[in-house]
Amino acid sequence: MTESQQLAAFVEAATLDGASPEAVEQLKIRVLDTVGVAIGALDAEPIIAIRELLEDLGGTEQATLIGGGKTTPERAAFFNSALSRYLDFMDAYLAKGETNHPSDNFGAVLAATESVGASGKQLLTAFAVAYQVHTRLSDVAPVRAKGFDHTTQGAFAAGASAAKALGLPAEQIANALAIAGTANVALRVARTGNLSHWKGLAYPHVSKEGTWAALLASRGITGPEEVFEGNKGFKDSVSGPFEIDWSKEDLESVKRTIIKRHNAEIHSQSALDAALEIRAQEGFKAEDIDKIRLTTFDVAYSIIGGGEEGDKQLIRTKEEADHSLPWMLAVVLLDGQLNPEQYEPARIVANDVQALMKKVEITPSDEFSDRFPDHMPADLEVTLNDGSVFTASQDSYLGFHDNPLDWENARKKFDALVTPFTGEELREEIATIIYELDTRQVSDLTAALAKVSPTRS
């Protein structure tokens, strides 16, 4: 068997009955979190533009758009993944050389399962497959250092999970993941320098293409059999050598992923908790800050701290702000929170936050870097104009591996995000369906999501 065929055999055989109760619970929490984050983005400017485009294009009504309307499965996958990705408030997986967001695959899984009238249990199974494939490839085949984006491994996860969601046999699953993986080798420039809308749309594109690849495979279209190990294949051209014995894999990787507390890039979470701790200390006055010094791990410094992926001092847009650790620290010290409202255009460019971010100095630590990704260490020191010094250190946060989010806290985040777009009855309906998803139909969930208002009340 080729490596893609071995992976396909694992995907075909995967069953939720083999997952632990803890994994099933965390899958449901990921669905709740992903849906909440998606609803919270419904009135974002790029999302409105995409919805208008889809309305102009039309398409056979097979899959639901969150906020109402239907279109073809691959277009629904793009739109719903764009929703769950846009706020940058979703979950994450931290490998030593790679960071990704497995919940980005939810749009593909939702559209594919709905299009074939699948059960909620089938959706959860396909979603678990996405987590397993995405995280394990990131463990052994990181590509960021080579200049490729994490969506590159994600293409295999999107193709495999969409094919599982459609109920395809192993041969067609192998073709789907091979087509998606071959065609979607993406450049890391999407997340370096001054950031564009594509930072938040790169994975929705992969979600769409994974769904399309699965639909093609379902009609007999084939992909490269040796996509991983072949001449000029993934290992040869992109990742380098790696090994995964898919026959020994399970569906437990969802438990290794983490959920964001703050609406910010994942590597900032512990530093922002430290900022909140300092803000709460007696005598602290944000308006009197003279300088801010953060010591953190190398990945945070490289991606959002002004390291190899570009200076983070020129902040004009939401995309730039949520990937600038200086800006995020400044706004948290000033506002005491970092939620979607902090990304209003006027707040992003406000004089106080723009001036304060210029006082931030970020330094990577070898010791902290060695502790990542098992820990997320951050030491923050804030000095006021009178010489007073305030310090805080954080190693973790609520939602990290050692302090996972439970259903109650996941509901708090969900309710806060969706309340502007739903009434209490609809919020409760959506949350209940997700909690009971392994005994419900996907159509129950999509019917409720179609009732969400696309505009704030």
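The first residue in the sequence is number 1, and the count goes up from there. Both backbone and side-chain heavy atoms feed into the values below; hydrogens, waters and symmetry mates do not.
- Side-chain contact annotation: S196 with E319, donor-acceptor N/O pair under 3.5 Å absent.
- Between F372 and F297, the gap from one ring centroid to the other is short of 6.0 Å.
- No donor-acceptor pair under 3.5 Å is formed between the side chain of E74 and the backbone N or O of E209.
- Side-chain contact of E114 with T446: a donor-acceptor pair under 3.5 Å is present, judged by distance alone.
- D91 and Y131 are linked by a side-chain donor-acceptor pair at a separation below 3.5 angstrom, with hydrogens and angles left out of the test.
- Using a distance-only test at 3.5 Å, with no hydrogens or angles considered, no donor-acceptor pair links the side chain of S270 to the main chain of P377.
- Considering H134, H150, Q153, R144 in turn, Q153 is the only one that fulfils the side-chain hydrogen bond (donor to acceptor under 3.5 Å, both in side chains) rule with E98.
- A donor-acceptor pair under 3.5 Å is formed between the side chain of N105 and the backbone N or O of P102.
- Side chains of T432 and E429: no donor on one and acceptor on the other come within 3.5 Å.
- A donor-acceptor pair is defined here as one N or O able to donate and one able to accept, closer than 3.5 Å; no such pair exists between the side chain of Q122 and the backbone of A165.
- Q342 places no side-chain N or O within donor-acceptor distance of the main-chain N or O of R347, the cut-off being under 3.5 Å.
- Side-chain contact of Q337 with E341: a donor-acceptor pair under 3.5 Å is present, judged by distance alone.
- Heavy atoms of other residues, nucleotides or ligands lying less than 6.0 angstrom from CG of N351 number 12 at most.
- I29 has its side chain out of reach of L32: every pair of non-hydrogen atoms, C-beta onward, lies at least 4.5 Å apart.
- Between the side chains of D104 and S81, no donor-acceptor pair of N or O atoms lies under 3.5 Å.
- Two residues are said to be in side-chain contact when any heavy atoms from C-beta on lie closer than 4.5 Å; V331 and M357 fail this criterion.
- We find that K235 and E3 are joined by a salt bridge, their nearest charged nitrogen and carboxylate oxygen being less than 4.0 Å apart.
- Looking only at atom types and distance, the side chain of T383 has no donor-acceptor partner in the side chain of D290 under 3.5 Å away.
- With a 6.0 Å radius and a threshold of 12 heavy atoms from other residues, nucleotides or ligands, K96 has its NZ atom above the threshold.
- Side-chain contact between H401 and T257 is absent, with no heavy-atom pair separated by less than 4.5 Å.
- Taking the charged nitrogens against the carboxylate oxygens, D33 and K28 have no contact shorter than 4.0 Å, which rules out a salt bridge.
- Remark: K260 is not positioned above the aromatic ring of Y397, lacking an NZ or CZ atom under 6.0 angstrom from the ring centre and at most 45 degrees off the axis.
- Residues K199 and D88 are paired through a salt bridge, judged by an N-O separation under 4.0 Å between the basic side chain and the carboxylate.
- One side chain, D402 or S396, offers a donor N or O that lies under 3.5 Å from an acceptor on the other.
- Using a 4.0 Å cut-off between charged nitrogen and carboxylate oxygen, E320 and K312 do not count as a salt-bridge pair.
- In summary, D438 and K121 do not engage in a salt bridge, as defined by a charged side-chain N under 4.0 Å from a carboxylate O.
- Ionic pairing of R411 and E428 is present here: one or more N-O contacts between side-chain nitrogen and carboxylate oxygen are shorter than 4.0 angstrom.
- Using modelled atom types, one side-chain atom of D406 and one backbone atom of N409 make a donor-acceptor pair closer than 3.5 Å.
- Residues T419 and E424 are not in side-chain contact: their nearest non-hydrogen atoms beyond the backbone lie 4.5 Å or more apart.
- A salt bridge is defined here as a Lys NZ or Arg NE, NH1 or NH2 lying under 4.0 Å from an Asp or Glu carboxylate O, and R136 with E249 meets this definition.
- A donor-acceptor pair is defined here as one N or O able to donate and one able to accept, closer than 3.5 Å; such a pair exists between the side chain of R427 and the backbone of T422.
- Under the 3.5 Å distance criterion, the side-chain polar atoms of Y343 are matched with a main-chain donor or acceptor of N263.
- For the residue pair R293 / T363, no side-chain donor-acceptor distance below 3.5 Å is found, with atom types taken as modelled.
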